[in-house]
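Here's the structure we're looking at; comments come further down.
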Amino acid sequence: MEGMWVERIAETTNWEPLRLEFPWNSIEEEFGTALPADHKKLAETFGTGESSEFMRILSVDARRQFDLAHIWHRYLDTSPEEGVDPVPEPYQVYRPGRRGLIPWAFAEMECDYFRPASSEEDPSTWPIVTQGNPYSWHEVSMSTSEFVHRVLTDPDSEPFSIARLMPEPGFHPIGPVS
């Protein structure tokens, strides 16, 4: 089931899957937790790029512009170790051994996408937490790729969907294929 939504996105965007290999073990060691298998499959299938000129999914990017670990460290560098974090308020940024948000994508219209992560929980159960212009924080329970598919194709997935604005979903690689 985990690959079904990834395959649907590839089909919808007319994308030939790349089947990339990333050093997930070392990345997960750095995070101190496993990452959702669905997110990893999405990154391996598409690499670094932009979906429908809107959403950029973080993965492994040598240029660091869309690198999951690098972006997470940028959030860590600006967040307090204790108390309320002003960036993802009312949440906190993930730190190993604690529950907190791990960024997994960002998009136009100041949209940010996170997973409230904990090394104590199965990553496949982490919901998606998102906020953007014009909506405040929302939490949805679905896989990364199902969420991306709905954002790109389902006009009824409000307030997240861009299907009415971009009726023909696409994917465009950014930079060299990693």
Side-chain angles (χ1 to χ4, degrees), residues 1-77 93-94 101-117 122-132 140 142-154 157 160-163 165-178:
M1 183 86 160
E2 127 191 342
M4 177 189 78
W5 289 104
V6 173
E7 291 167 8
R8 289 175 84 175
I9 297 167
E11 182 179 303
T12 300
T13 59
N14 296 310
W15 183 253
E16 183 64 36
L18 297 176
R19 295 175 181 83
L20 299 170
E21 292 184 19
F22 292 125
W24 294 118
N25 288 341
S26 63
I27 293 167
E28 290 172 331
E29 189 174 302
E30 182 177 348
F31 276 93
T33 187
L35 297 170
D38 177 75
H39 178 97
K40 294 185 285 188
K41 180 155 179 65
L42 190 63
E44 292 163 353
T45 300
F46 288 89
T48 303
E50 185 174 63
S51 297
S52 293
E53 300 176 20
F54 178 74
M55 180 181 279
R56 292 155 202 95
I57 297 167
L58 304 176
S59 63
V60 178
D61 178 14
R63 295 167 299 123
R64 302 176 64 156
Q65 186 176 4
F66 302 108
D67 186 74
L68 178 62
H70 177 72
I71 300 297
W72 171 59
H73 279 286
R74 283 182 32 202
Y75 276 98
L76 277 179
D77 291 346
V93 173
Y94 171 81
L101 300 182
I102 293 177
W104 64 267
F106 62 94
E108 299 298 320
M109 301 186 306
E110 300 173 12
C111 298
D112 296 306
Y113 306 95
F114 301 90
R115 291 279 188 178
D122 178 350
S124 69
T125 66
W126 298 344
I128 291 171
V129 174
T130 179
Q131 63 88 29
V140 294
M142 64 181 70
S143 71
T144 303
S145 56
E146 179 182 357
F147 183 82
V148 171
H149 187 269
R150 292 185 185 282
V151 165
L152 300 179
T153 67
D154 183 358
S157 285
F160 318 108
S161 177
I162 62 164
L165 299 172
M166 303 290 283
E168 302 229 1
F171 179 80
H172 306 284
I174 297 175
V177 175
S178 302

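By convention here, the first residue in the shown sequence is residue 1. Below, all heavy atoms of this structure are taken into account, side chains as well, without hydrogens, waters or symmetry copies.
Among I9, L152, V151, the single residue meeting the side-chain contact (heavy atoms from CB on, under 4.5 Å) criterion with P169 is L152. Each of W126, W72, Y75 was evaluated against F114; a single residue qualifies, Y75, per the ring pair (Phe, Tyr, Trp, His ring centres under 6.0 Å) test.
Heavy atoms only, all atoms of each residue included: F171 and S51 are closest at CD1-OG, 3.6 Å. Considering every non-hydrogen atom in both I71 and P103, the closest pair reads CG2-CG, 4.0 Å. Heavy-atom minimum distance, P127 versus P116: O-CD, 3.1 Å. Contact record, C111 with F54: SG-CZ, 4.1 Å, taken as the closest heavy-atom pair. In terms of heavy-atom proximity, L68 sits nearest to I102 at CD1-CG2, 4.3 Å. Of all heavy-atom pairs spanning L20 and G47, the tightest one is CD1-CA, 3.6 Å.
Distance check, rounded to the nearest 0.5 Å: CG of D38 to OG of S145 gives 3.0 Å. For the atom pair S59 OG and H39 NE2, the distance stands at 6.5 Å (nearest 0.5 Å).
Between K41 and T144 there is no side-chain heavy-atom pair separated by less than 4.5 Å. With contacts defined as side-chain heavy-atom distances shorter than 4.5 Å, the pair T45/L18 does not qualify. Between M55 and I57, some side-chain heavy-atom pair lies under the 4.5 Å cut-off.
Listed by chain and number, the residues in a ring-ring contact (aromatic ring centres under 6.0 Å, His included) with F160 are Y135, H138, F147 (sequence neighbours excluded). Listed by chain and number, the residues in a ring-ring contact (aromatic ring centres under 6.0 Å, His included) with F106 are F66 (sequence neighbours excluded). Every residue two or more places apart in sequence or in another chain was checked for a side chain to side chain donor-acceptor pair (under 3.5 Å) with S161, and none qualifies. For T153, the side chain to side chain donor-acceptor pair (under 3.5 Å) partners two or more places apart in sequence, or in a different chain, are H149. Scanning for side chain to side chain donor-acceptor pair (under 3.5 Å) contacts around D112 gives Q131, with sequence neighbours left out. In this structure N14 satisfies the side chain to side chain contact (heavy atoms under 4.5 Å, CB included) test with no other residue, sequence neighbours excluded. E44 meets the salt bridge (Lys or Arg N to Asp or Glu O under 4.0 Å) test with no other residue; sequence neighbours excluded. Residues passing the salt bridge (Lys or Arg N to Asp or Glu O under 4.0 Å) test with R115, sequence neighbours excluded: none. R150 pairs by the side chain to side chain donor-acceptor pair (under 3.5 Å) definition with E146, D154, not counting sequence neighbours.
Note on ring orientation: taking the six-membered ring where Trp is involved, the planes of Y113 and W104 are tilted (angle from 30° to 60°).
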Without placing hydrogens or testing angles, list every side-chain donor-acceptor pair under 3.5 Å for residues 27-34, not counting sequence neighbours.
unit_1: E28; atom_1: OE2; unit_2: L35; atom_2: N; d: 2.9
unit_1: E28; atom_1: OE2; unit_2: K40; atom_2: NZ; d: 2.7
unit_1: E30; atom_1: OE2; unit_2: H73; atom_2: NE2; d: 2.5

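Between the S124 side chain and the P36 main chain, no donor and acceptor come within less than 3.5 Å of each other.
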